Amino acid sequence: MGDNGYLTEFARLARNYCNFSEQEAPESAEVALILKLVSALYASAFLLKKKPGIECLGPNVTKDISDAIFKRFGSLRFNYYRVVDDPEKIPGDQPSAGDLADDLRDIYVDLKSGLASFDAGDINQAEEDWRTSFYLHWGQHATNVISVLHKHGAPNA
């Protein structure tokens with residue numbers, strides 16, 4: 001895969017997640033597949049490298065597409081969960097509510113944005129978009145998804 005093999009692999013994982021997000025899937029397989037996809041993306045994101053002189057461009061997804069992804073994941077058999085904002089704070093703050101559909105949509109938006117750059121041949125921009133958005137945004141959503149789905153149980157995992 002050469003020097004950029006890790007980036008090609010990340011793009012493949014991002015594309016798999018985005019393609020899955022854009023289609024309907026049988027409910028019985030959803031939780032296990034989401035857990036596998038998000039876990040693989042999260043682990044792979046640590047290989048992304050900082051690109052000097054390149055700025056993160058931000059989302060490249062329309063509101064209609066974003067809303068459709070939110071609706072698609074809103075159909076899961078559960079959606080809301082408890083979030084502890086600062087797990088190191090003891091005693092902790094009051095927990096707040098998390099929304100699985102929102103988490104999965106936000107991951108999609110950030111990955112799809114990087115795919116637009118990748119598919120246009122600007123792999124440096126794609127890598128910077130994915131890396132920056134991972135540390136500033138979608139990485140936290142991914143950890144929430146992994147935690148919730150792991151605890152909820154994925155019998156087909």
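None of the values given here were measured: they were computed from a predicted structure. These values consider heavy atoms only, across backbone and side chains, with no hydrogens, waters or symmetry-generated copies.
One finds the OG atom of S147 at 10.5 Å from the CZ atom of R82 (value rounded to the nearest 0.5 Å). Atoms CD1 and NZ, on I65 and K112 in that order, are 7.0 Å from each other to the nearest 0.5 Å. Going from atom CD1 of I34 over to atom OG of S39 covers 11.0 Å, rounded to the nearest 0.5 Å. Rounded to the nearest 0.5 angstrom, W130 CH2 and I123 CD1 are separated by 9.5 Å. Between the OG atom in S113 and the CG atom in D129 there is a gap of 5.0 Å [rounded to 0.5 Å]. Rounded to the nearest 0.5 Å, atoms OG1 (T8) and CG (L13) are 11.0 Å apart.
Geometrically, K49 engages Y6 in a cation-pi contact, judged by NZ or CZ lying under 6.0 Å from the ring centre and within 45° of the ring axis.
Linking Ile, Leu, Val, Met, Phe, Trp and Tyr residues whenever their side-chain heavy atoms come within less than 4.5 Å places L48 and I146 in a single cluster. Each of L136 and V145 belongs to its own hydrophobic cluster when Ile, Leu, Val, Met, Phe, Trp and Tyr are linked at side-chain heavy-atom distances under 4.5 angstrom. Follow the hydrophobic side-chain contacts under 4.5 Å out from Y81 and you reach I107 in the same cluster. In the hydrophobic clustering of this structure, I69 groups with F20; members are Ile, Leu, Val, Met, Phe, Trp, Tyr whose side-chain heavy atoms approach within less than 4.5 Å, directly or through other members.
Between the side chain of R72 and the backbone N or O of Q23, at least one donor-acceptor pair lies under 3.5 Å. At distances below 3.5 Å, at least one donor-acceptor pair connects side-chain atoms of S44 with backbone N or O atoms of A40.
The side-chain contact (heavy atoms from CB on, under 4.5 Å) search around K50 returns E128, R131, not counting sequence neighbours. Residues satisfying the side-chain hydrogen bond (donor to acceptor under 3.5 Å, both in side chains) criterion with N124, sequence neighbours excluded, are absent altogether. Scored by the side-chain hydrogen bond (donor to acceptor under 3.5 Å, both in side chains) test, Y108 finds E22 as partners (sequence neighbours excluded). With sequence neighbours left out, the ring-ring contact (aromatic ring centres under 6.0 Å, His included) criterion links Y42 to F46, F134. Residues satisfying the side-chain contact (heavy atoms from CB on, under 4.5 Å) criterion with N79, sequence neighbours excluded, are D99, L100, A101. Annotation: side-chain hydrogen bond (donor to acceptor under 3.5 Å, both in side chains) contacts of T143 (sequence neighbours excluded): Q140. Residues that satisfy the side-chain hydrogen bond (donor to acceptor under 3.5 Å, both in side chains) test with N16, not counting sequence neighbours, are absent from this structure. When the salt bridge (Lys or Arg N to Asp or Glu O under 4.0 Å) test is applied to D122, no partner is found at least two apart in sequence or on another chain.
No side-chain N or O of D102 forms a donor-acceptor pair with one of Y80 less than 3.5 Å apart.
Contact between C18 and L111 at its shortest, heavy atoms only, is SG-CB, 4.0 Å. Scanning all heavy atoms of the two residues, the minimum distance from F78 to V31 falls at CE2-CG2, 4.2 Å. Residues L41 and A14 approach most closely at CD2-N, 3.6 Å, considering heavy atoms.
With respect to the salt-bridge test (charged N to carboxylate O, under 4.0 angstrom), the residues D67 and K71 do not qualify.
Of the residues L33, V38, L115, the one that meets the side chain to side chain contact (heavy atoms under 4.5 Å, CB included) test with Y17 is V38.
Annotation: salt bridge (charged side-chain N to carboxylate O under 4.0 Å, His left out) contacts involving residues 135-145, sequence neighbours excluded, are absent.
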- Message: Set out, in order, the CA-CA distance, both residues' side-chain angles and the distance that settles side-chain contact (heavy atoms from CB on, under 4.5 Å) for D119 and R15, then state yes or no.
- Response: CA-CA 10 Å; D119 291 343; R15 192 174 316 283; 2.6 Å; yes
